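Below: the structure, in structure tokens.
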Number of protein chains: 2
Amino acid sequence: MDSMTDTASSDPLALWREALVRSVRSEAPDLSTRQMAILLAVYTTPPPHTVRGLAAELGVAKPVISRALDTLGALGLLRRKRDERDRRNVLVQRTVRGAVFLSEFRDLVAAARAAAA
Amino acid sequence: MDSMTDTASSDPLALWREALVRSVRSEAPDLSTRQMAILLAVYTTPPPHTVRGLAAELGVAKPVISRALDTLGALGLLRRKRDERDRRNVLVQRTVRGAVFLSEFRDLVAAARAAAA
DNA sequence: TGAATTCGGTACGCTGGCGTAACGATCGGT
DNA sequence: ACCGATCGTTACGCCAGCGTACCGAATTCA
């Protein structure tokens with residue numbers, strides 16, 4: 001009855017495994033922890049989101065955010081927009097594609113929860 | 001009352017965000033989805049775990065597993081061992097360091113759940 | 001207006017992961 | 001003892017991310 005090896009366990013790790021395995025098996029891009037954290041920060045916390053703000057929130061250097069925005073932007077999961085109030089700032093905005101991606105991810109977690117319950 | 005922007009929401013995505021942000025802020029290595037899925041598969045499903053088995057389970061090519069084992073092994077999170085019954089096989093085994101890492105990750109998810117509840 | 005500050009991005013050299021294709025080692029069957 | 005199949009790894013050329021340092025644009029304040 002080792003909880004670390006019990007597939008039917010309610011251990012949160014089992015849920016994470018189920019969800020991640022499903023994500024890998026799907027065609028979803030193989031994002032890093034940092035990239036996923038940025039994406040979720042943009043979509044589940046209220047705007048505005050700036051490069052500096054995200055860097056501070058995650059405790060990483062600015063170029064990390066800049067590069068992640070390049071990649072996530074190329075995937076169409078979010079979008080940059082100049083702040084017209086203060087043109088030094090970049091506002092990170094949501095996209096339809098990003099919302100769809102995270103909606104599917106939410107479903108995937110729900111399915112994992114059902115399977116690992 | 002947009003659930004996508006409600007920090008106190010019980011949306012599973014908010015929990016994931018909290019957990020991932022905490023992981024990024026900690027000194028934990030920035031693993032990819034694939035790497036984390038492999039690690040969790042080894043630690044939350046019963047052995048034995050082989051390269052081919054993990055590749056099939058995740059629906060990826062063998063070299064993906066081989067390289068991930070290199071990296072995760074270098075981090076001390078798991079270990080390779082030759083199968084003496086059939087020396088073609090490699091058995092992926094757990095390590096103390098890996099168990100500690102996942103235990104901390106579990107705590108981190110629990111803390112995130114408390115914060116995002 | 002001129003200097004100092006703030007913001008985001010880029011350059012650099014390096015490391016690590018990718019997919020495909022090939023490889024050596026090991027096993028099973030005849 | 002051979003031959004074919006299976007296992008995991010490695011080679012290849014390529015692309016993405018790293019941390020540090022620096023850059024230009026925009027803003028603030030004296």
Side-chain angles (χ1 to χ4, degrees), chain A residues 20-21 23-42 47-93 101, chain B residues 20-21 23-42 47-93 101:
Chain A
L20 290 186
V21 167
S23 177
V24 170
R25 294 196 65 92
S26 75
E27 299 301 326
D30 186 32
L31 301 182
S32 70
T33 302
R34 286 175 168 189
Q35 291 169 332
M36 193 64 178
I38 291 169
L39 197 57
L40 286 169
V42 170
H49 296 288
T50 65
V51 172
R52 201 158 197 82
L54 290 169
E57 182 179 350
L58 298 181
V60 298
K62 282 183 302 175
V64 169
I65 306 297
S66 238
R67 285 185 291 248
L69 295 186
D70 289 343
T71 301
L72 296 172
L75 292 171
L77 300 180
L78 46 74
R79 180 165 52 101
R80 276 188 253 234
K81 186 176 189 308
R82 273 286 164 201
D83 182 354
E84 295 302 333
R85 312 259 225 160
D86 183 343
R87 295 185 50 76
R88 287 175 301 184
N89 294 333
V90 161
L91 303 177
V92 182
Q93 301 190 315
F101 174 80
Chain B
L20 291 186
V21 167
S23 178
V24 170
R25 292 195 67 91
S26 75
E27 300 301 326
D30 185 32
L31 302 183
S32 70
T33 303
R34 286 175 169 189
Q35 291 169 332
M36 192 63 177
I38 291 169
L39 197 58
L40 285 170
V42 170
H49 297 287
T50 65
V51 172
R52 198 157 199 82
L54 289 168
E57 182 179 350
L58 298 181
V60 298
K62 283 183 301 176
V64 169
I65 306 297
S66 237
R67 285 185 290 248
L69 295 186
D70 289 343
T71 301
L72 296 172
L75 291 171
L77 301 180
L78 46 76
R79 179 166 51 102
R80 278 188 252 234
K81 186 177 190 308
R82 274 286 164 201
D83 182 354
E84 294 302 333
R85 311 258 225 164
D86 182 344
R87 296 184 49 77
R88 287 175 299 184
N89 294 333
V90 160
L91 304 177
V92 183
Q93 301 191 315
F101 173 80

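Chain naming here is simple, since letters A, B, ... match the order of the sequence lines and numbering starts at 1 in each. Remember, it's a predicted structure, so these values are computed and weren't measured experimentally.
In terms of phosphate contacts, A/Arg87 brings no side-chain nitrogen or oxygen within less than 4.0 Å of OP1 or OP2 of C/dG8. One finds no side-chain N or O of B/Arg88 lying less than 4.0 angstrom from the OP1 or OP2 phosphate oxygen of D/dT6. Contact annotation: A/Arg34 reaches the phosphate of D/dC18 (side-chain N/O to OP1 or OP2, under 4.0 Å). Residue A/Thr71 places at least one side-chain N or O closer than 4.0 Å to OP1 or OP2 of D/dG17. Distances shorter than 4.0 Å separate none of the side-chain N or O atoms of A/Gln35 from OP1 or OP2 on D/dA16.
Atom CZ in B/Arg82 sits about 13 Å away from atom C1' in C/dC27, given to the nearest Å. The CG-C1' distance, from A/Leu31 to C/dC18, rounds to 15 Å in whole Å. The separation between B/Ile38 atom CD1 and C/dG17 atom P is 10 Å, rounded to whole Å. In this structure, CG of A/Asn89 is placed 10 Å from C1' of D/dT27, rounded to the nearest angstrom. Distance B/Asp83 CG to D/dT9 P: 13 Å, rounded to the nearest Å. Rounded to whole Å, the distance from CD on A/Glu84 to P on D/dA26 is 11 Å. Spacing between atom CG of A/Leu58 and atom P of D/dG19 amounts to 13 Å, rounded to whole angstrom units. In this structure, B/Lys81 atom NZ and D/dG8 atom C1' are separated by 16 Å, rounded to whole Å.
Listed nucleotides: D/dT9, D/dC18, C/dC7. Nearest to the side chain of B/Lys62: D/dT9. Counting only heavy atoms from C-beta on, B/Arg80 has its side chain closest to D/dT9 among C/dT20, D/dT9, D/dG8. Set against C/dG17, C/dG8, D/dG19, the side chain of A/Val51 has C/dG8 as its closest nucleotide. With distances taken from any side-chain atom of B/Asp86 to the nucleotides C/dT26, C/dG9, D/dT9, the minimum falls on C/dT26.
Residue B/Ser32 is classed as having no contact, given no heavy-atom separation below 4.0 Å to the nucleic acid.
Mapping B/Asp70 and A/Val64 onto DNA chain D by nearest heavy atom places B/Asp70 at the nucleotide closer to the 5' end. Comparing A/Thr50 and A/Asp30 against DNA chain C, the residue whose closest nucleotide sits nearer the 5' end is A/Thr50.
For the pair A/Arg79 (side chain) and A/Gln93 (backbone), a donor-acceptor distance under 3.5 Å is absent. Listed for the A/Thr33 side chain is a donor-acceptor partner under 3.5 Å among the backbone atoms of B/Leu31. Panel note: side chain A/Arg25, backbone B/Glu57; a donor-acceptor pair is recorded below 3.5 Å. Looking at A/Asn89, its side chain never comes within 3.5 Å of a backbone N or O of A/Asp83 through a donor-acceptor pair.
Side-chain N/O atoms of A/Arg67 and base N/O atoms of C/dG8 include no donor-acceptor pair closer than 3.5 Å.
In this structure, the side chains of A/Arg34 and B/Ser23 stay at 4.5 Å or more apart for every pair of heavy atoms. Here the side chains of A/Val92 and A/Leu69 are in contact, with some heavy-atom distance below 4.5 Å.
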